[in-house]
Student: 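Mind having a look at this structure? Questions to follow.
In listed order, ligands and their atoms are each counted from 1. Source: prediction; values computed, not measured.
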Amino acid sequence: MLPPGLSPTRLSHACARAGRLLLDSVLPPLCLGCNEIVETPGALCATCWQGFAFVAPPFCARCAAPFAADRGRGMLCGGCLARLPNYRRARAALIYDARSRRLLLPFKHGDRTDIARACGRWMARAGAELLAEADLVAPVPLHWRRLFTRRYNQAQLLARVVVREAAGGRPRLAPDLLRRRRWTGSQSGLRAQERRGNVRQAFDIHPRWRAEVAGKTVLLIDDVLTTGATAEACARVLQRGGAENVDVLTLARVVRPAL
Ligand SMILES: [Zn+2]
Ligand SMILES: [Zn+2]
């Protein structure tokens, strides 16, 4: 007989959690990149640390695409000059490459939600300037069908850590600020323009937040910035809802050869 309020599913979740905590306390912490033993949980070993490509200046003032040489403050990349994104600024912690993919895939499709803790910290550092100005921090939502198969939204896990790690004025976490109202399928394999068409009108603001968005600076959180089509679709909805500024912070970003 279970105590009131404790269903078998809740009990099994609690047991799994307790088991994980126990394992965490007896097993040595492992490197997030290669499973080597490290000193602290959620850390990288020295080799992986050096192997990860962290986004660092000099970069485009708008989208943080890295520059090979310093071009001076406020300079924009070829991509932004050709077509300005509708969000104000985008920042990312890592360059999307073979190594960061190895970190992202188990996080996205496996159950390595622990990775969010370390990655969220890197993101908070990479986006410190954006976080300092943000009123609301909102994850890019998943469609309920995808949420059902994956069981968690990786962007929401990251958003939670990012808010917790924000130094100074703490922005408010708005986990359901945006809703994905249309099933858009996978974006992979689509070109930039096709991606923009695919996500057009895919999002809306949850009625609960409609009155809150006006005049606010919103920081959108996602795992990877590829063409920016998803971020732009979200930014457009927020701007129509009255948001004053929309910034974007992702764990990784795809970097194309310079134009
Ligand atoms: Zn390692
Ligand atoms: Zn740029």
Side-chain angles (χ1 to χ4, degrees), residues 24 27-108 110 112-123 126-130 133 191-193 195-196 219-222 224-236 239 245-259:
D24 283 352
L27 291 176
L30 301 178
C31 167
L32 294 175
C34 69
N35 287 337
E36 274 295 310
I37 294 173
V38 286
E39 267 175 37
T40 44
L44 291 171
C45 71
T47 319
C48 285
W49 187 257
Q50 280 163 14
F52 272 101
F54 285 90
V55 176
F59 52 55
C60 168
R62 191 86 179 226
C63 76
F67 291 148
D70 200 346
R71 303 185 192 176
R73 255 184 94 78
M75 292 306 284
L76 300 186
C77 71
C80 287
L81 286 174
R83 188 187 162 280
L84 265 187
N86 68 355
Y87 44 78
R88 183 173 60 164
R89 285 170 301 181
R91 296 290 180 268
L94 295 166
I95 304 282
Y96 189 70
D97 58 10
R99 201 173 273 267
S100 58
R101 198 160 43 235
R102 262 182 31 213
L103 185 73
L104 271 153
L105 286 181
F107 176 37
K108 207 163 176 163
R112 295 290 308 272
T113 50
D114 56 317
I115 296 177
R117 282 198 293 271
C119 296
R121 277 199 293 271
W122 301 337
M123 288 169 70
E129 206 187 336
L130 280 51
E133 291 176 22
R191 299 167 68 86
Q193 210 164 359
R195 281 179 183 236
R196 281 200 287 275
L219 180 59
L220 269 175
I221 304 285
D222 208 355
V224 185
L225 187 83
T226 309
T227 61
T230 304
E232 288 203 76
C234 292
R236 193 167 309 119
Q239 284 153 356
N245 298 299
V246 180
D247 291 323
V248 183
L249 178 60
T250 59
L251 172 56
R253 63 158 294 143
V254 171
V255 172
R256 283 186 191 72
L259 292 173

Student: At the Zn ion (ligand 1), what is the angle formed between atom SG of Cys48 and atom SG of Cys45, rounded to the nearest 10°?
Tutor: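 If I round to 10°, I get 110°.
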Student: Within less than 2.8 Å of the Zn ion (ligand 2), how many protein N/O/S atoms are there?
Tutor: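 Considering protein N, O and S only, the Zn ion (ligand 2) has 4 within range.
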Student: Is a side-chain donor or acceptor of Ser100 paired with a backbone partner of Ile95 at a separation under 3.5 angstrom?
Tutor: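 Pair found, side chain donor or acceptor close to backbone of Ile95.
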Student: Under 3.5 Å, is there a donor-acceptor pair between the side chain of Gln239 and the main chain of Asn86?
Tutor: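 Yes, because the side chain of Gln239 sits within donor-acceptor range (under 3.5 Å) of the backbone of Asn86.
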Student: Any sub-3.5 Å donor-acceptor pair from Arg91's side-chain atoms to Thr250's backbone N or O?
Tutor: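 No.
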Student: Count the heavy atoms of every other residue, nucleotide or ligand shown that sit under 6.0 Å from CD of Glu133, and state whether that count exceeds 12.
Tutor: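 It does: Glu133 CD has more than 12 such atoms within range.
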Student: Parallel, tilted or perpendicular: which fits the ring planes of Trp122 and Trp49, with parallel below 30° and perpendicular above 60°?
Tutor: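 Correct class here is perpendicular.
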Student: Can you name the nearest heavy-atom pair linking Glu232 to Leu84, along with the distance?
Tutor: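 Minimum heavy-atom separation between Glu232 and Leu84: OE1-O, 4.5 Å.
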Student: I want to check something: taking the side chain as every heavy atom from C-beta on, are Leu32 and Leu44 in contact at a cut-off of under 4.5 Å?
Tutor: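 Counting from C-beta outward, Leu32 and Leu44 do come under 4.5 Å.
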Student: Could you please compute the angle at the Zn ion (ligand 1) from SG of Cys34 to SG of Cys31, rounded to 10°?
Tutor: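 Approximately 110° at the metal, rounded to tens of degrees.
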